[in-house]
There are 2 protein chains.
Amino acid sequence: MRPSIKQVALEAGVSIATVSRLLNQPDSVSVDTASKVNQAIEALGFRPNFTGRNLRAGRSHTVGVVVPTLSNTVFAQCLQGIETAARQRDYSVMFSATEYRQQDEAAAVELLLAHRVDGVILTVADAEASTTLDVLDRERIPYVLVYNQPQQSTRPSVSVDNHAAAYDAVTHLIKLGHRRIQMLAGQFHASDRALQRYHGYLQAMQQHGLPPLAPIEVARHTYTSLALEYLQTFRDPLQRPSALFCSNDLLALSVMRDLRALGLRVPDDVSVMGFDGIPLGELMDPMLSSVEQPSEQIGGLALRTLVTAIEETQDGYQAASSHILPHTVRIGASVKPFTNPL
Amino acid sequence: MRPSIKQVALEAGVSIATVSRLLNQPDSVSVDTASKVNQAIEALGFRPNFTGRNLRAGRSHTVGVVVPTLSNTVFAQCLQGIETAARQRDYSVMFSATEYRQQDEAAAVELLLAHRVDGVILTVADAEASTTLDVLDRERIPYVLVYNQPQQSTRPSVSVDNHAAAYDAVTHLIKLGHRRIQMLAGQFHASDRALQRYHGYLQAMQQHGLPPLAPIEVARHTYTSLALEYLQTFRDPLQRPSALFCSNDLLALSVMRDLRALGLRVPDDVSVMGFDGIPLGELMDPMLSSVEQPSEQIGGLALRTLVTAIEETQDGYQAASSHILPHTVRIGASVKPFTNPL
DNA sequence: GTGAAAGCGCTAACAT
DNA sequence: ATGTTAGCGCTTTCAC
């Protein structure tokens with residue numbers, strides 16, 4: 001068995017309380033007992049057991065994180081931001097993924113709650129109608145959404161303004177002369193952000209008097225391939241959109257690959273705009289145009305917001321606050337002004 | 001305060017032992033008491049507290065993961081693989097990053113040990129000379145290295161054969177007629193894999209009677225830029241290498257961007273070979289040639305290996321086993337046969 | 001089949 | 001400045 005403060009106390013010839021004090025308020029122990037105890041700690045290779053501490057304190061100094069998948073760079077960056085900020089504040093991070101499955105959100109949160117995490121940072125399929133968030137609300141566990149941006153409810157979140165960001169991106173395409181602009185997205189039901197971005201697309205189109213096209217909804221949110229028969233319709237320059245607006249960068253890069261395979265050139269035949277601004281997009285040739293959101297900062301801010309809520313939740317339960325971070329439309333060579341294909 | 005088995009017992013009119021039994025061996029409880037207790041659990045919204053359970057059991061059903069950074073896709077994929085496998089086995093995952101700083105490895109592991117994780121999966125700077133691993137060995141905490149591939153020591157690991165993989169990649173370049181092949185890597189002292197890959201490069205060169213070139217060691221392991229003055233030397237077709245072998249894909253993609261900025265074409269002027277085989281490399285144009293390693297499987301296998309070691313560590317401490325997974329050299333258009341620049 | 005009680009490691013009154 | 005003790009939530013003998 002690993003040594004506990006008990007063996008340390010025995011070894012040092014003091015009481016367990018003294019050992020505990022040395023660990024928590026070193027100043028409240030006399031110098032020579034301190035050295036005795038430290039010596040015993042050293043000799044036994046003692047390491048405090050947080051399980052005991054946490055049980056006693058009713059707090060774990062641990063936050064839970066639940067996102068769809070780390071295969072999407074954007075969530076990996078966000079988790080990285082969370083972890084860095086957590087480490088600075090002596091919090092640990094417990095991580096779980098859902099693979100975009102709504103039922104797995106609930107299971108993941110249940111497990112985190114059983115571990116008694118002090119709070120949760122998460123991205124859910126639909127922030128408005130989420131039984132998982134209902135549980136968190138009911139249990140009064142502080143949480144912060146990332147990427148989700150609830151409209152109706154007042155659930156705490158850190159995100160960009162998805163609607164405005166999409167609006168800006170599409171407006172940029174329109175300003176370049178594009179009229180047939182189509183959106184490509186993963187399943188809307190698994191991503192409320194994608195839907196909000198679609199609404200931004202719609203508003204931009206309508207505001208400029210352009211008829212919106214039906215969105216292309218593909219099965220996966222990450223690496224994907226357009227159905228070949230669908231892609232075939234892109235052969236006709238009059239039928240295909242002159243610009244594609246994709247709900248994330250992985251889809252944008254995937255469709256660019258598909259278009260190339262079809263013999264079409266980006267941006268000459270089709271302009272492509274992504275969303276997320278993943279770092280690798282900048283290394284592409286042509287450089288991917290995309291709406292940049294600061295994923296690592298989103299994670300960092302979410303963690304700080306969460307910790308604030310946790311530590312203010314002494315007596316009354318304090319919900320975390322919401323933050324909208326600025327986005328920027330990154331212009332790369334994957335987009336160019338519209339030219340008549342005829 | 002959240003309800004404990006105590007309130008459940010009170011509510012159901014049974015002892016806490018009965019509640020505990022229902023939770024752990026439901027069959028050992030009579031049907032009608034079971035229903036009474038279940039009703040109480042429902043009514044109170046009881047959720048078992050793992051902290052208490054873990055303290056008592058001396059086990060946490062949690063594994064720790066320590067990698068350099070999630071900004072490198074390869075580690076994100078690996079963590080994703082770990083998490084998926086862990087979830088299947090009802091293990092939770094605590095995650096920490098080191099940003100390639102060796103002192104942070106120790107701190108991260110210390111924190112995990114304080115949380116009494118049952119085992120650790122990690123990538124360290126140098127698996128042979130790692131005080132962090134010494135701690136784990138001394139404390140008899142099961143662990144599995146990922147990506148690290150210790151040569152001398154018998155430390156358990158899951159990786160590809162870095163030396164052989166690099167050898168294969170460079171041999172491929174040589175077979176294409178390249179003679180001036182240079183390696184580009186992050187700081188070797190922060191990545192023993194990079195060094196092993198360099199040795200593979202050396203062997204391939206020497207075995208084919210080619211003079212190896214001094215490796216280019218850049219400061220960062222991820223998104224980077226070659227020093228401009230250095231890159232300038234690439235202007236001279238006779239001075240520059242005809243092929244670059246990069247220690248990872250992020251460096252490969254970064255240098256491709258740099259070369260483009262310089263007006264050089266890949267692969268016409270310089271062929272580029274990466275290492276890792278990140279999914280995004282396949283979406284590039286030209287498609288990135290790279291040594292593919294199965295990152296998600298590495299993570300999954302590491303987790304399974306670790307859990308096996310954990311659960312066999314009942315009495316005697318059982319170290320985990322090592323595994324070498326197969327690599328494949330992915331050939332993309334970033335590499336082409338050597339042509340005389342004159 | 002069920003209950004009583006000890007104890008995992010720790011902290012925080014409370015006492016001295 | 002230090003010791004004594006109760007108890008956080010849970011599992012597990014040991015009785016009955």
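Reminder, nothing fancy here: chain letters follow the sequence lines and each chain counts from 1. Just the heavy atoms: all of them, side chains too, but no hydrogens, waters or symmetry mates, feed the values below. Note that the coordinates shown come from a computational prediction; the quantities given were computed from them, not determined experimentally.
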- Query: Can you check the A:N54 CG to C:dC8 C1' distance for me, whole Å?
  - Reply: 14 Å
- Can you tell me how far P of C:dT2 sits from CG of B:D27, to the nearest Å? 13 Å
- Message: For a quick test of reading the model, state the closest non-hydrogen atom pair linking B:H115 to A:T51 and the distance between them.
- Response: O-OG1, 4.1 Å
- Task: May I have the distance from B:F50 (atom CZ) to D:dC10 (atom C1'), rounded to whole angstrom?
- Result: 12 Å
- Quick one: which of A:V120, A:V158, A:L133 gives a side chain to side chain contact (heavy atoms under 4.5 Å, CB included) with A:L145? A:L133
- Item | Pair A:E139 + B:R47, salt bridge at N-O below 4.0 Å | yes
- Query: Would you call A:D27 and A:R21 a salt bridge, using N to O less than 4.0 angstrom?
  - Reply: no
- Is the shortest side-chain N to carboxylate O distance from A:D126 to A:R193 below 4.0 Å? no
- Item | Residues A:Y147 and A:S295: side-chain donor-acceptor under 3.5 angstrom | yes
- C:dG3 phosphate, OP1 or OP2: any side-chain N/O from B:T18 under 4.0 angstrom? yes
- Taking for B:L55 and for B:G13 the nucleotide of DNA chain C with the nearest heavy atom, the one nearer the 5' end belongs to B:G13
- Rounded to whole angstroms, how far apart are CZ on B:R2 and P on D:dG9? 11 Å
- Of the candidate nucleotides C:dG3, C:dC8, C:dT2, which contains the atom at the shortest distance from the side chain of B:V29? C:dT2
- Can you check whether A:T33 has a side-chain N or O nearer than 4.0 Å to OP1 or OP2 of D:dA1? no
- Between C:dG9 (P) and B:R59 (CZ): distance, integer Å: 16 Å
- Message: Tell me whether the rings of B:Y100 and B:F75 are parallel (<30°), tilted (30 to 60°) or perpendicular (>60°).
- Response: perpendicular
- Nearest-Å distance for atom pair CD1/P, residues A:I41 and C:dC10: 10 Å
- Query: Atom CG of A:L44 and atom P of C:dG9: how far apart are they, to the nearest Å?
  - Reply: 13 Å
- Using the C1' atoms of five pairs at each end, what's the angle between the two axes of the helix from C:dG1-D:dC16 to C:dT16-D:dA1, to 10 degrees? 40°
- Query: Does B:K6 make a side-chain N or O approach to OP1 or OP2 of D:dC8 shorter than 4.0 Å?
  - Reply: yes
- Message: With no hydrogens and no angle check, just 3.5 Å: does a side-chain donor-acceptor pair link A:Q80 and A:E296?
- Response: no
- Going from OG1 on A:T132 to CD on A:E110, what distance comes out if it is rounded to the nearest 0.5 angstrom? 8.5 Å
- Length of the line joining A:R47:CZ and C:dC8:C1', which is rounded to integer Å: 19 Å
- Query: Taking protein heavy atoms under 4.0 Å as touching, what does nucleotides 11-16 of chain C look like 5' to 3' if B marks base contact, S marks sugar-phosphate-only contact and - marks none?
  - Reply: BBB---
